Amino acid sequence: LGMAAAAALQRSVVSPAGRHTASLIFLHGSGDTGQGARTWIKQILNQDMTFQHIKVIYPTAPARPYTPMKGALSTVWFDRYKISNDCPEHIESIDSMCQGLTDLINDEIKNGIPKNRILVGGFSMGGGMAMHLAYRFHQDLAGVFALSSFLNKDSAVYQALKRNKSVLPELFQCHGTADELVLYAWGEETNKVLKSLGVSTSLCTIPNLNHELGRTEIEELKTWIIKKLPVEAAKTD
């Protein structure tokens, strides 16, 4: 285990308004922080993204040398050779971070939240990370969301799913057509390939949205979250 994953990830947490019966892990984009992603969503909605029963966790990636920034330190979930869907994945850094994020999932399980009541997802690189985490290591999660995200052409995720026989978490994807950093075509291709490998996917296309979060998208995401993590009837025992 790398040094980065050994320490518990810092996190910003939005507690549920009522009884905590489900959890959501939101992974920020490259160079951001958990607090930064939370603040960004708060600015878009004019309030925190809160739920009656769902705890929202925004972890922060440990700083590491990031090749697209010429090796400068950045809070990224993994390294990349370049920002392209047409190069190999930096699998060592992806896998070591999957360990750190597994610890975070296990913390929620220790708090009594079953795995099928936990969602993971994120923006940009965070969405890519979430797809690796869920489809390679935690296929029993409630679902995955990826906003302005993509997987590389021969991703380890695709390799893992080719051998898979179990029911997979549903994927909610959103992508702006005007994205100049992560091209819409990359997101669309990721969606098609995952669908062909047995993932139930939806792709919410947002006209004229660049590489950013938009209000429509967050509202659509919230609706989907409630669908995947409905309020549980109080147990009468």
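Note that the structure is predicted; figures quoted are calculated from it, not measured.
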Enquirer: Which value, rounded to the nearest 0.5 Å, describes the distance between Leu213 atom CG and Cys174 atom SG?
Expert: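 Answer rounded to 0.5 Å: 9.5 Å.
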Enquirer: Work out which heavy atom in Ile44 is nearest to a heavy atom in Gly214; give both atom names and the distance.
Expert: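 Smallest heavy-atom distance, with atoms named: CG2-C, 4.1 Å.
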Enquirer: What do the steps show when you test Ile105 against Leu133 for side chain to side chain contact (heavy atoms under 4.5 Å, CB included), and what is the final call?
Expert: CA-CA 10 Å; Ile105 291 171; Leu133 186 65; 3.9 Å; yes
Enquirer: Does any N or O in the side chain of Asn116 come within less than 3.5 Å of the main-chain N or O of Leu141, such that one atom is a donor and the other an acceptor?
Expert: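 No, Asn116 side chain to Leu141 backbone: no donor-acceptor pair under 3.5 Å.
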Enquirer: Hey, are the side chains of Thr75 and Pro62 touching, using non-hydrogen atoms and a 4.5 Å cut-off?
Expert: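 SC-SC contact between Thr75 and Pro62 ruled out.
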Enquirer: Treating Arg117 as the side-chain partner and Thr21 as the backbone partner, does any N or O pair qualify as donor plus acceptor under 3.5 Å?
Expert: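 Between the backbone of Thr21 and the side chain of Arg117 there is a qualifying donor-acceptor contact (under 3.5 Å).
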Enquirer: Taking NZ, NE, NH1 and NH2 as the nitrogens, is one of them in Asp86 or Lys153 under 4.0 Å from a carboxylate oxygen of the other?
Expert: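 No, this pair does not count.
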Enquirer: How long is the straight-line distance from CE of Met129 back to OG of Ser30, given to the nearest 0.5 Å?
Expert: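 Going from OG on Ser30 over to CE on Met129, the span is 13.5 Å.
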Enquirer: Provide the closest heavy-atom pair for Gln173 versus Gly187 in the form atom of the first, atom of the second, distance.
Expert: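 Residues Gln173 and Gly187, closest heavy atoms: NE2-O, 2.9 Å.
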Enquirer: Flag yes if Ile118 and Ile57 sit in one hydrophobic cluster, no otherwise; membership is Ile, Leu, Val, Met, Phe, Trp, Tyr, and two members link when side-chain heavy atoms are under 4.5 Å apart.
Expert: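 Same cluster: Ile118 reaches Ile57 through Ile, Leu, Val, Met, Phe, Trp or Tyr contacts under 4.5 Å.
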Enquirer: When you measure from the side chain of Ser148 to the backbone of Ser124, do you find a donor-acceptor pair of N or O atoms at a distance under 3.5 Å?
Expert: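 Such a contact is absent between Ser148 side chain and Ser124 backbone.
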Enquirer: Are Arg64 and Ser93 packed together at the side-chain level, in the sense that at least one heavy-atom pair is separated by less than 4.5 angstrom?
Expert: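 In short, these two side chains touch, coming nearer than 4.5 Å.
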Enquirer: Go through the steps to decide whether Glu89 and Ser155 satisfy the test side chain to side chain donor-acceptor pair (under 3.5 Å), and finish with yes or no.
Expert: CA-CA 7 Å; Glu89 289 174 321; Ser155 175; 2.8 Å; yes
Enquirer: Taking C-beta and beyond as the side chain, do Leu27 and Pro59 meet within less than 4.5 Å on heavy atoms?
Expert: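 Of all side-chain heavy-atom pairs linking Pro59 with Leu27, at least one is under 4.5 Å.
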Enquirer: How close do Asp32 and Ala37 get, counting heavy atoms only, and between which atoms?
Expert: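 Closest pair (atom of Asp32, atom of Ala37, distance): OD2-N, 3.6 Å.
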Enquirer: With Lys222, which residues qualify under salt bridge (charged side-chain N to carboxylate O under 4.0 Å, His left out), at least two apart?
Expert: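 By the salt bridge (charged side-chain N to carboxylate O under 4.0 Å, His left out) rule, Lys222 matches no residue at all.
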Enquirer: Measuring only between side-chain heavy atoms, which start at C-beta, is Val120 closer than 4.5 Å to Leu101?
Expert: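 No; the side chains remain at least 4.5 Å from each other.
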Enquirer: Measure up the Phe172 and Trp224 rings against each other and bin them: parallel (under 30°), tilted (30 to 60°), perpendicular (over 60°).
Expert: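 Aromatic pair Phe172/Trp224 classed parallel.
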Enquirer: Please walk me through it: do His138 and Asp140 pass side chain to side chain contact (heavy atoms under 4.5 Å, CB included)?
Expert: CA-CA 5 Å; His138 299 283; Asp140 44 356; 4.2 Å; yes
Enquirer: Within a strict 4.5 Å, meaning less than it, do heavy atoms of the Thr205 and His175 side chains meet?
Expert: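 Not touching, per the 4.5 Å side-chain cut-off.
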Enquirer: Could you list all the side chain to side chain donor-acceptor pair (under 3.5 Å) pairs where at least one residue sits in residues 49-61, not counting sequence neighbours?
Expert: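 Checked against side chain to side chain donor-acceptor pair (under 3.5 Å) - neighbours excluded - the pairs reaching residues 49-61 are Lys55-Glu108.
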Enquirer: Group every Ile, Leu, Val, Met, Phe, Trp and Tyr by side-chain heavy-atom contacts under 4.5 Å, then state whether Ile218 and Leu229 land in the same group.
Expert: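 Linked, Ile218 and Leu229 end up in one cluster.
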Enquirer: Rounded to the nearest 0.5 Å, what separation is found between the CG atom of Asn152 and the SG atom of Cys87?
Expert: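 Between Asn152 CG and Cys87 SG, I get 5.0 Å after rounding to 0.5 Å.
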Enquirer: Do Thr33 and Gln10 have side chains that approach each other closer than 4.5 Å (heavy atoms only, starting at C-beta)?
Expert: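 A side-chain contact is absent here, since even the closest heavy-atom pair is not under 4.5 Å.
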Enquirer: Please tell me whether Phe145 and Phe26 form a close aromatic pair, meaning their ring centres lie under 6.0 Å apart.
Expert: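 Yes: the rings meet the under 6.0 Å criterion.
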Enquirer: Quick one: hydrophobic cluster around Val167, which other residues, with the 4.5 Å side-chain cut-off, linked directly or via members?
Expert: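 Besides Val167, the hydrophobic cluster comprises nothing; the residue is isolated.
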Enquirer: Should His132 and Leu151 be marked as a side chain to side chain contact (heavy atoms under 4.5 Å, CB included) after you check the CA-CA gap, both sets of side-chain angles, and the distance that decides it?
Expert: CA-CA 9 Å; His132 275 273; Leu151 290 169; 3.9 Å; yes
Enquirer: So, do Phe51 and Leu24 sit near enough that their side-chain heavy atoms are less than 4.5 Å apart?
Expert: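 Answer yes - side chains close enough.
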Enquirer: Measure from the side-chain N and O atoms of Tyr135 to the backbone N and O of Pro169, and report whether any donor-acceptor pair falls under 3.5 Å.
Expert: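 Flag set: sc Tyr135 to bb Pro169 pair under 3.5 Å.
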Enquirer: Check the pair Tyr66, Arg80 against side chain to side chain contact (heavy atoms under 4.5 Å, CB included), reporting the backbone distance first and the verdict last.
Expert: CA-CA 7 Å; Tyr66 188 44; Arg80 286 188 171 130; 3.3 Å; yes
Enquirer: Could you tell me if the side chain of Asn191 sits less than 4.5 Å from the side chain of Trp186, heavy atoms only?
Expert: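 No, their side chains stay 4.5 Å or more apart.
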Enquirer: Could you tell me the separation between the CE atom of Met49 and the CG atom of Leu221, rounded to the nearest 0.5 Å?
Expert: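 So the gap between those two atoms works out to 5.5 Å.
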Enquirer: Checking His20 side chain against Ala22 main chain: does a donor-acceptor pair fall under 3.5 Å?
Expert: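 Side chain of His20 to backbone of Ala22: a pair is present.
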Enquirer: Centres of the His28 and Phe123 rings: under 6.0 Å?
Expert: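 Ring-ring flag for His28/Phe123: false, centres at least 6.0 Å apart.
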Enquirer: Between atom CH2 of Trp77 and atom CE of Met97, what is the distance when rounded to the nearest 0.5 Å?
Expert: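 The CE atom of Met97 is 6.0 Å from CH2 of Trp77, to the nearest 0.5 Å.
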Enquirer: Given Asp107 and Arg11, is the salt bridge (Lys or Arg N to Asp or Glu O under 4.0 Å) satisfied, shown in steps?
Expert: CA-CA 12 Å; Asp107 282 351; Arg11 54 197 90 163; 3.2 Å; yes
Enquirer: Given the rule in the side chain to side chain donor-acceptor pair (under 3.5 Å) test, do Ser200 and Glu170 qualify, once you have shown the distances and angles that lead to the verdict?
Expert: CA-CA 5 Å; Ser200 164; Glu170 185 187 324; 4.5 Å; no
Enquirer: Which ILVMFWY residues can you reach from Leu203 by hopping between side chains whose heavy atoms are under 4.5 Å apart?
Expert: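 Direct or chained contacts put Leu203 with Tyr184.
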Enquirer: Report yes or no: do Leu183 and Tyr81 belong to one cluster of Ile/Leu/Val/Met/Phe/Trp/Tyr joined by side chain heavy-atom distances under 4.5 Å?
Expert: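 Hydrophobic grouping puts Leu183 apart from Tyr81.
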Enquirer: Which Ile, Leu, Val, Met, Phe, Trp or Tyr residues join Leu209 in one cluster when any pair of side-chain heavy atoms under 4.5 Å counts as a link?
Expert: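 Other cluster members: Ile206.
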Enquirer: Hey, could you give me the CG/OH distance between Asn164 and Tyr158, rounded to the nearest 0.5 Å?
Expert: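 With rounding to 0.5 Å, CG (Asn164) is 15.0 Å from OH (Tyr158).
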Enquirer: Phe137, Val157: one ILVMFWY side-chain cluster at the under-4.5 Å cut-off?
Expert: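 The answer is no; the residues belong to distinct hydrophobic clusters.
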Enquirer: Donor-acceptor pair, Ser12 side chain versus Gln35 backbone, under 3.5 Å?
Expert: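 Not a single qualifying donor-acceptor pair exists.
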Enquirer: Under a 4.5 Å side-chain heavy-atom rule over Ile, Leu, Val, Met, Phe, Trp and Tyr, are Leu147 and Phe78 clustered together?
Expert: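 Different hydrophobic clusters.
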Enquirer: If I compare all heavy atoms of Leu73 with all of Pro65, which pair ends up nearest, and what's the gap?
Expert: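 For Leu73 and Pro65, the tightest heavy-atom pair comes out as CD2-N, 3.5 Å.
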Enquirer: Distance-only, no hydrogens or angles: does the Ser149 side chain make a donor-acceptor pair with backbone N or O of Ala146 under 3.5 Å?
Expert: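 No; judged by distance alone, with no hydrogens or angles, the pair does not exist.
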Enquirer: Only counting residues at least two apart or in another chain, list the ones meeting salt bridge (charged side-chain N to carboxylate O under 4.0 Å, His left out) with Glu219.
Expert: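 Result, salt bridge (charged side-chain N to carboxylate O under 4.0 Å, His left out) vs Glu219: Arg215.
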Enquirer: Give me the atom names and distance for the closest heavy-atom approach of Ile91 to Ala156.
Expert: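 That closest heavy-atom pairing would be CD1-CB, 3.6 Å.
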